[in-house]
S.K.: 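Here you go, one structure.
As the structure is a prediction and not an experimental result, all values here were calculated from the model. Scope of the values below: all heavy atoms of this structure, side chains included, with no hydrogens, waters or symmetry mates.
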Amino acid sequence: MTAHWQARRSGPSTQRPGDRRTPWQRDRARVLHSAAFRRLQSKTQIMNVGENDFYRTRLTHSLEAAQIGASLINQLSHVGSESEVAMLPDLNLMETLCLAHDIGHPPFGHGGETALNFKMLPSGGFEGNGQTFRIVGKLEAYHPDHGMDLTRRTLLGLLKYPVLMPELPVPASSEPPGSLAQWRPAKALFACDSDLLDWVLEPLSDTDREQFQALDTLAQSPWQKSKHKSLDASLMELADDIAYGVHDLEDAVVTGTLSESQWHTHLDEVVANLNPELANLMQQLGRQLFSNEHSVRKDAIGALVNIFVTKVHITEVLADAEEPLVRFNACLPEAERYLLDSLKAVVFEHVINQPAIQQLRYRSQNMLLNLFTAFHTEPMRLLPHNTRARWQAAYSKQGQSAADRILCDYIAGMTDDYAERMYRNLFVI
């Protein structure tokens, strides 16, 4: 791998005496020992933290995604061509990406993300993946200016959406009109972090960069969707999808949120559309998944993960690109992709979309809306001393939008528990 992908934004640094770690091992250690990573233990995955000691949190989800990511690398190293194997990320790099991929998510999951995006519309919006990029590149305390100061290839691998936010509509009122759902964030990085994005993409030729950052404009203008991601990011996203589609499904089965009859209602038609071999396997695993024997159910979960891991392959997505890291992606065959998307849809419909979960999301969103309003209205009175100092510096140098970004960083970094306590301190008598 060429030196520019191992570079750090701070420039060459002398390793500690006797330190034999590779750049990827150092990146992994920086993520593991970061405050942002530790906070994942008290951030919602789907079920609210603390409601049941079986539920996965953002932390356990990230650990499982890292294990699946390592399995994908192991599989491709055995079945890939020599040139494909040479492109693969190091195991430490793969684990780093999966461990870090969710550290930008705010309290209360995607509901909290939408609430913060609404409040930040006048100041550049909010999106969880954009916040991850901001944390590792600017906010975490390993370096005074460059966050965790990770290698360029690691930062490239964290770019699920390697584009900047479009110009966002500013609502007439500071209070959301009707449902917050219409204010879901655009999938992009914040404009204030364009310097970091430019540094990450610097090794790409102008032509490669133009292709890599191509966009589709969605019907709900000005929302957009980036068309491409790097090879490493595609592996990370696939590991994330498998962990979500299979392991979060396990949560739903074990806790009784998803019944066997609901499984058949949703999956029987899906299974009927699969090839005979995969269909027969899924019928068998469906029976095992609802077994009263814990070991049988656990074996079914492992077999579901195996379906996807063993079918991963490398494909060319940007045929004209010079840089292999953006020319190729990891993909699943059509049948396995259809099955994985169907499992994710089951989790969404029978878990996330249930009234009890949506009621919790509504409550949580309103807590964050009120917290933002309070801090925005009286920052010098209510913000902690260190955050207040950063807010003051940003406001005096760059104005209200920059100050709002500091405020958003503070709220987004809260755990669910901390946000609840802060809300009670400010609003509950």
Side-chain angles (χ1 to χ4, degrees), residues 1-13 22-24 26-27 69 73 76 80-81 83-90 92-94 96-98 100-101 104 127 129-138 143 145-166 186-217 224-238 240 314-331:
M1 180 53 60
T2 49
H4 54 244
W5 291 117
Q6 295 186 15
R8 301 182 190 277
R9 202 173 182 203
S10 62
S13 60
T22 67
W24 323 122
R26 295 176 71 193
D27 281 359
I73 299 300
L76 287 169
S81 66
S83 60
E84 290 172 347
V85 171
M87 286 188 293
L88 293 177
D90 174 270
N92 289 284
L93 172 54
M94 189 72 254
T96 300
L97 299 177
C98 293
H101 82 281
E127 199 274 333
N129 297 285
Q131 189 68 11
T132 293
F133 189 64
R134 182 167 170 78
I135 288 171
V136 298
K138 292 190 174 180
H143 189 277
D145 300 311
H146 305 308
M148 294 186 196
D149 196 27
L150 303 178
T151 58
R152 184 183 263 119
R153 180 166 178 175
T154 299
L155 292 174
L156 179 70
L158 288 171
L159 290 176
K160 286 180 70 172
Y161 314 108
V163 295
L164 296 176
M165 280 279 182
K187 301 297 186 181
L189 307 177
F190 311 134
C192 59
D193 298 323
S194 61
D195 58 328
L196 180 58
L197 177 62
D198 288 340
W199 182 81
V200 173
L201 301 184
E202 189 178 291
L204 300 183
S205 68
D206 291 344
T207 303
D208 277 11
R209 178 166 178 171
E210 183 179 357
Q211 292 183 82
F212 184 56
Q213 294 187 288
L215 291 167
D216 280 330
T217 302
Q224 63 187 26
K225 183 176 182 181
S226 56
K227 291 183 176 183
H228 303 293
K229 57 183 64 68
S230 70
L231 170 65
D232 299 350
S234 71
L235 283 160
M236 175 266 285
E237 187 172 50
L238 181 55
D240 183 26
I314 302 295
T315 190
E316 191 175 65
V317 291
L318 280 175
D320 297 330
E322 300 171 25
E323 172 54 60
L325 290 181
V326 301
R327 184 175 180 178
F328 297 95
N329 274 188
C331 298

S.K.: Spell out, as yes or no, whether a donor-acceptor pair under 3.5 Å connects the side chain of Asp216 to the backbone of Lys227.
M.R.: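 Side chain of Asp216 to backbone of Lys227, a donor-acceptor pair under 3.5 Å: no, none is there.
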S.K.: Which heavy-atom pair separates Leu164 from Ser194 by the least distance, and what is that distance?
M.R.: CD1-CB, 3.7 Å
S.K.: Working note: Asp232 + Leu88, criterion side-chain contact (heavy atoms from CB on, under 4.5 Å); need CA distance, chi angles, decisive distance, verdict.
M.R.: CA-CA 8 Å; Asp232 299 350; Leu88 293 177; over 6 Å; no
S.K.: Could you tell me whether the side chain of Glu84 and the main chain of Ser81 form a donor-acceptor pair under 3.5 Å?
M.R.: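 Looks like yes, one N/O pair under 3.5 Å.
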S.K.: Between Gln213 (side chain) and Pro162 (backbone), is there a donor-acceptor pair under 3.5 Å?
M.R.: yes
S.K.: Among residues at least two apart in sequence or on other chains, which ones pass salt bridge (charged side-chain N to carboxylate O under 4.0 Å, His left out) with Lys225?
M.R.: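 By the salt bridge (charged side-chain N to carboxylate O under 4.0 Å, His left out) rule, Lys225 matches no residue at all.
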S.K.: In Å and rounded to the nearest 0.5 Å, what is the CZ to CG distance from Phe133 to Leu189?
M.R.: 5.5 Å
S.K.: To the nearest 0.5 Å, how far apart are CG in Asn329 and CG in Leu318?
M.R.: 8.0 Å
S.K.: Is there a side-chain contact between Met94 and Trp24 (heavy atoms, below 4.5 Å)?
M.R.: no
S.K.: How far apart are the closest heavy atoms of Ala330 and Ser234, and which atoms are they?
M.R.: N-OG, 2.8 Å
S.K.: Are any side-chain N or O atoms of Ser230 and backbone N or O atoms of Val326, one a donor and one an acceptor, separated by less than 3.5 Å?
M.R.: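 Side chain of Ser230 to backbone of Val326, a donor-acceptor pair under 3.5 Å: no, none is there.
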S.K.: Thinking salt bridges, do Arg209 and Asp198 make one under a 4.0 Å N-O criterion?
M.R.: yes
S.K.: Where do Phe190 and Leu196 land on the side-chain contact (heavy atoms from CB on, under 4.5 Å) test, with the steps shown first?
M.R.: CA-CA 10 Å; Phe190 311 134; Leu196 180 58; over 6 Å; no
S.K.: Taking the side chain as C-beta and beyond, is there a heavy-atom pair between Phe212 and Val317 under 4.5 Å?
M.R.: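 Side chain of Phe212 against side chain of Val317, heavy atoms only: no contact under 4.5 Å found.
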S.K.: Could you walk me through whether Glu127 and Lys187 pass side-chain contact (heavy atoms from CB on, under 4.5 Å), step by step?
M.R.: CA-CA 7 Å; Glu127 199 274 333; Lys187 301 297 186 181; 3.4 Å; yes
S.K.: Rounded to the nearest 0.5 Å, how far apart are CG of Leu235 and CG of Leu97?
M.R.: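 One finds 9.0 Å between CG of Leu235 and CG of Leu97.
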S.K.: Looking at every non-hydrogen atom in both residues, tell me the closest pair between Ile73 and Pro89 and how far apart they are.
M.R.: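 It is CD1-CG, 3.6 Å.
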S.K.: Output the distance between atom NE2 (His228) and atom CG (Leu215), rounded to the nearest 0.5 Å.
M.R.: 9.5 Å
S.K.: What I'd like to find out is whether the side chain of Val136 reaches to under 4.5 Å of the side chain of Thr154, using heavy atoms alone.
M.R.: no
S.K.: So, for Phe328 and Glu316, which heavy atoms are closest and what is the spacing to 0.1 Å?
M.R.: CD2-CA, 3.8 Å
S.K.: Any donor-acceptor pair under 3.5 Å linking the side chain of Asp208 with the backbone of Glu323?
M.R.: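 Yes; judged by distance alone, with no hydrogens or angles, the pair exists.
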S.K.: Measure the CG-NZ distance between Asp240 and Lys160 for me, rounded to the nearest 0.5 Å.
M.R.: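 Separation between the atoms: 5.5 Å.
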S.K.: So does Asp206 have more than 12 non-hydrogen atoms from other groups sitting under 6.0 Å from CG?
M.R.: no
S.K.: Can you name the salt bridge (charged side-chain N to carboxylate O under 4.0 Å, His left out) partners of Asp149, sequence neighbours left out?
M.R.: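 Asp149 satisfies salt bridge (charged side-chain N to carboxylate O under 4.0 Å, His left out) with no residue once adjacent residues are dropped.
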S.K.: Applying side-chain contact (heavy atoms from CB on, under 4.5 Å), run through Leu325 and Leu204 and close with a yes or a no.
M.R.: CA-CA 10 Å; Leu325 290 181; Leu204 300 183; over 6 Å; no
S.K.: Is the closest side-chain heavy-atom distance between Arg153 and Pro23 below 4.5 Å?
M.R.: no
S.K.: Verify, without hydrogens or angle tests, whether Thr96 (side chain) and Asn92 (backbone) share a donor-acceptor contact under 3.5 angstrom.
M.R.: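 Answer holds: yes.
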S.K.: What I'd like to find out is whether the side chain of Val200 reaches to under 4.5 Å of the side chain of Leu159, using heavy atoms alone.
M.R.: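 They are in side-chain contact.
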S.K.: Measure the CZ-CH2 distance between Arg9 and Trp199 for me, rounded to the nearest 0.5 Å.
M.R.: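 Reported to 0.5 Å precision, the distance equals 7.5 Å.
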S.K.: Under the 3.5 angstrom rule, does the side chain of Asp27 hit a backbone N or O of Thr151 as a donor-acceptor pair?
M.R.: yes
S.K.: Has Arg327 got a side-chain atom pairing as donor or acceptor with Glu322's backbone, closer than 3.5 angstrom?
M.R.: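 Checking the backbone N and O of Glu322 against the side chain of Arg327, no donor-acceptor pair under 3.5 Å is found.
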S.K.: For the pair Arg152 (side chain) and Pro203 (backbone), establish whether a donor and an acceptor sit closer than 3.5 Å, ignoring hydrogens and angles.
M.R.: no
S.K.: For Lys138, what residues pass the salt bridge (charged side-chain N to carboxylate O under 4.0 Å, His left out) criterion, not counting sequence neighbours?
M.R.: Asp193, Asp195
S.K.: Would you check if the side chain of His101 reaches a backbone N or O of Cys98 as a donor-acceptor pair within less than 3.5 Å?
M.R.: yes
